[in-house]
Amino acid sequence: MLDVRFVRENKEEIISRLDKRNLPAQELVTQMLQLDDIRREAQQQCDATQAEMNNLSAQIGEFFKTGRQAEANELKARTVELKETVKTLEEKQKTAEQNLTELLYTIPNSPHASVPKGKSAEDNEIVRESGAKPDLGSDALPHWEIAAKYNLINFELGVKITGAGFPVYIGQGAKLQRALIQFFLDEAEKAGYTEYQVPHMVNADSGFGTGQLPDKEGQMYHDATDDLYLIPTAEVPLTNLYRDIILTEKDFPIKMTGYTPCFRREAGSYGKDVRGLNRLHQFDKVEIVQIAHPDTSYENLETMVAHVGGILDKLELPYRILRLCGGDMGFASALTYDFETWSAAQQRWLEVSSTSNFETFQANRLKLRFKDANGKTRLCHTLNGSALALPRIVATLLENNQTPEGIRIPKCLVPYTGFEYIR
RNA sequence: GGAGAGAUGGCAGAGUGGUCGAUUGCGGCAGUCUUGAAAACUGUUGAACCGAGAGGUUCCGGGGGUUCGAAUCCCUCUCUCUCCGCCA
């Protein structure tokens, strides 16, 4: 969530930045600062009253010690009213704080200066395009038909044992998945990321920390018995490892990676673009996360973009990089680059990575801070990116690499799969 | 799942109603000494909020209560450890 103090000092800047999301924030910000004023005033009064109470208590103690009962009792009588006042003021402060927090939860992150203003995906800016789109001819098969032809993925079996959107990978299909995961993790390790194996379920605190709660409550699978959520991305457990932590400057940058399955209810997104691997309830992903110094976080973001691009280059997949416009960006992000690979049979771009800088938005909720050179405690910046999400990589790989001899495996993967063709 | 014990500052570990935000040790930081380092010695070393500042308030697992006053007493939740049961 936004940092109230920053908003207080940079009101106009925040409003103009939020405008990129087409969010008229004038009134929100005013309301927010009003609540903040109420809160601060209540606290000042409350603190002063409590200071008085503390004084009286000390005196009472002194009187009791020296056996001056009468004087002690006289003071005791005076505390009754003060106690009442403290209670009222405390209530007032708590309410203002709660209202402020609730309001803050509804305000998305303010976009970076480079974010284009826009409403939807059409307004995203194409940063660059890489690799040639293959010309497969008219008899090219979409990946779900390839998957059936070579018995790589069985969607019906998934429906039988679980439900739609939970595919079963078989034989060379399963092995391809495992090869990609291993390849992605190795690449991340080479780039200096430390691998973590983390729980696939998280508590509500973690959900709030990275911003999934309360915003995306309905998008996560929730186990009511133990009040745990299945993770929608490894970002949640990985970033929350650093919840409530104060780092020193020499700790930067912190670089973590992890493979996890990801679970998403995808409520309300049933329709035509969900065939095959295009949109699933459970999928595999290798995530990279960085915790960075605010002064360098955008350089860190560029290294992540280069990392993801490098992997796609090695996989020999045609892709493009988009800078998301304000209207298409996620709730918590300040700047997001999406990576899309070209799906030759479907003749469309598929999102395979989303790489973002959240600036202090998550860190504020996480209470993830560092001590700067002057000994001041400041919020860190958090960043993360998919490197990469499996299903659409598999989809484009199967489609783009189909040949009369079978599906060609890119060179970089052969050491992992142990086969050069799926036949 | 049953029984018991516990949760204090980066760590270890005191503290059972009145200058306790907390003794002490270790660690960290700074300095003295040294050619340098180590050792030794000296000092310093939690966080949040409010305040221009002086300073004030809050925090001893979370929440609630008793009291003029709570780390210390009561209730409750969570977690950890030990024993038993179950089990990959």
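Residue numbering restarts at 1 for every chain, and letters A, B, ... go by the order of the sequence lines.
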Under 4.0 Å between any heavy atoms, over every strand shown, what does A:R39 touch: base, sugar-phosphate, or nothing? Just pick one.
-> sugar-phosphate
Test of ring centre spacing under 6.0 Å for A:F208 and A:Y105 | yes
Would you mind classifying the nucleic acid contact of A:S57 as base, sugar-phosphate or nothing, using non-hydrogen atoms under 4.0 angstrom?
-> base
Counterpart base for B:C20, defined by Watson-Crick or G-U wobble contacts under 3.5 Å | none
Would you mind reading off the distance between A:K76 atom NZ and B:G69 atom P, rounded to a whole angstrom?
-> 9 Å
Find the partner of B:U72: check Watson-Crick (N1-N3 plus N6-O4 or O6-N4) and G-U wobble (N1-O2, O6-N3) distances, both under 3.5 Å, and reply none if neither fits.
-> none
Compare the minimum distances between each of B:G64, B:G18, B:U58 and the side chain of A:K94, then state the nucleotide with the smallest one.
-> B:G64
If you measure from the C1' atom in B:G2 to the same atom in B:C86, how many Å do you get, rounded?
-> 12 Å
Pairwise C1' distance, B:A71 and B:A14 [rounded to whole Å] = 12 Å
With rounding to whole Å, what would you report as the distance between B:U8 and B:A47 at their C1' atoms?
-> 15 Å
Can you tell me the distance, in whole Å, between the CG atom of A:D205 and the P atom of B:C79?
-> 12 Å
What's the closest nucleotide to the A:T377 side chain, out of B:U57, B:C50, B:A48?
-> B:A48
For the side chain of A:Q44, starting at C-beta, report the closest nucleotide among B:C68, B:G56, B:G51.
-> B:G51
Is it true that atom CD of A:Q59 has more than 12 heavy atoms of other residues, nucleotides or ligands lying nearer than 6.0 Å?
-> yes
Do the rings of A:F370 and A:H293 sit parallel, tilted or perpendicular, given the 30° and 60° boundaries?
-> tilted
Just how far, in rounded Å, is P of B:U58 from CE of A:M53?
-> 10 Å
Just compare B:C50, B:U57, B:G18 and give me whichever is closest to any side-chain atom of A:R40.
-> B:C50
Would you say A:R8 reaches B:C50's phosphate, i.e. side-chain N/O to OP1/OP2 under 4.0 Å?
-> yes
To the nearest Å, give me how far apart CG (A:D244) and C1' (B:G46) are.
-> 13 Å
More than 12 heavy atoms from other groups under 6.0 Å of CD on A:E27 | no
Who does B:G25 pair with, Watson-Crick or G-U, both distances under 3.5 Å?
-> B:C11
In whole angstrom, give me the gap between the C1' atoms of B:C73 and B:U67.
-> 10 Å
Across all strands, who's sitting opposite B:C87 as a Watson-Crick or G-U wobble pair, both distances under 3.5 Å?
-> none
Taking atom CD of A:E189 as the centre, report whether more than 12 heavy atoms of other residues, nucleotides or ligands fall under 6.0 Å from it.
-> no
Within 6.0 angstrom of A:E91 CD, more than 12 heavy atoms from elsewhere = no
Considering only atom C1', compute the distance from B:A70 to B:A22 and round it to an integer number of Å.
-> 13 Å
Between B:A37 and B:U44, how far apart are the P atoms? Round to whole Å, please.
-> 24 Å
How would you label the contact of A:N54 with the nucleic acid (heavy atoms, under 4.0 Å): base, sugar-phosphate, or nothing?
-> sugar-phosphate
Now, which nucleotide makes the Watson-Crick or G-U wobble pair with B:G46, with each of the two distances under 3.5 Å?
-> B:C59
Closest to the side chain of A:K371, out of B:C49, B:U57, B:G46, is B:G46
Would you kindly compare A:Q50 and A:Q43 by the position of their nearest RNA chain B nucleotide and give the one closer to the 5′ end?
-> A:Q43
Atom-pair distance (CG on A:L56; C1' on B:U67), nearest Å = 15 Å
Could you state the CG-P distance from A:N364 to B:A47, rounded to the nearest angstrom?
-> 18 Å
Find the partner of B:U80: check Watson-Crick (N1-N3 plus N6-O4 or O6-N4) and G-U wobble (N1-O2, O6-N3) distances, both under 3.5 Å, and reply none if neither fits.
-> B:A5
Would you indicate which nucleotide in B:A48, B:U58, B:C49 comes nearest to any side-chain atom of A:R369?
-> B:A48
When the nearest nucleotide of RNA chain B is assigned to A:A58 and to A:A48 on a heavy-atom basis, which residue is associated with the more 5' position?
-> A:A58
The side chain of A:D47 lies closest to which of these nucleotides: B:G56, B:C68, B:G51?
-> B:G56
Candidates B:G56, B:G69, B:A47 - which lies nearest the side chain of A:I246 = B:A47
Give the rounded distance in Å between these two atoms: NZ of A:K83 and C1' of B:C68.
-> 7 Å
Nucleotide paired to B:A37 in any strand shown, Watson-Crick or G-U, under 3.5 Å = none
Protein-nucleotide distance (A:F63, atom CZ; B:G18, atom P), rounded to Å | 19 Å
Nucleotide forming a Watson-Crick or wobble pair with B:A52, both distances under 3.5 Å | none
Quantified in whole Å, what is the P atom distance between nucleotide B:G21 and nucleotide B:C59?
-> 10 Å
Assert yes or no for the condition that the ring centre distance of A:H200 to A:F263 is strictly below 6.0 Å.
-> no
In this structure, which one of A:E235, A:Q290, A:K255 forms a side chain to side chain contact (heavy atoms under 4.5 Å, CB included) with A:L383?
-> A:Q290
Between B:U58 and B:G69, how far is it from one P atom to the other, in whole Å?
-> 12 Å
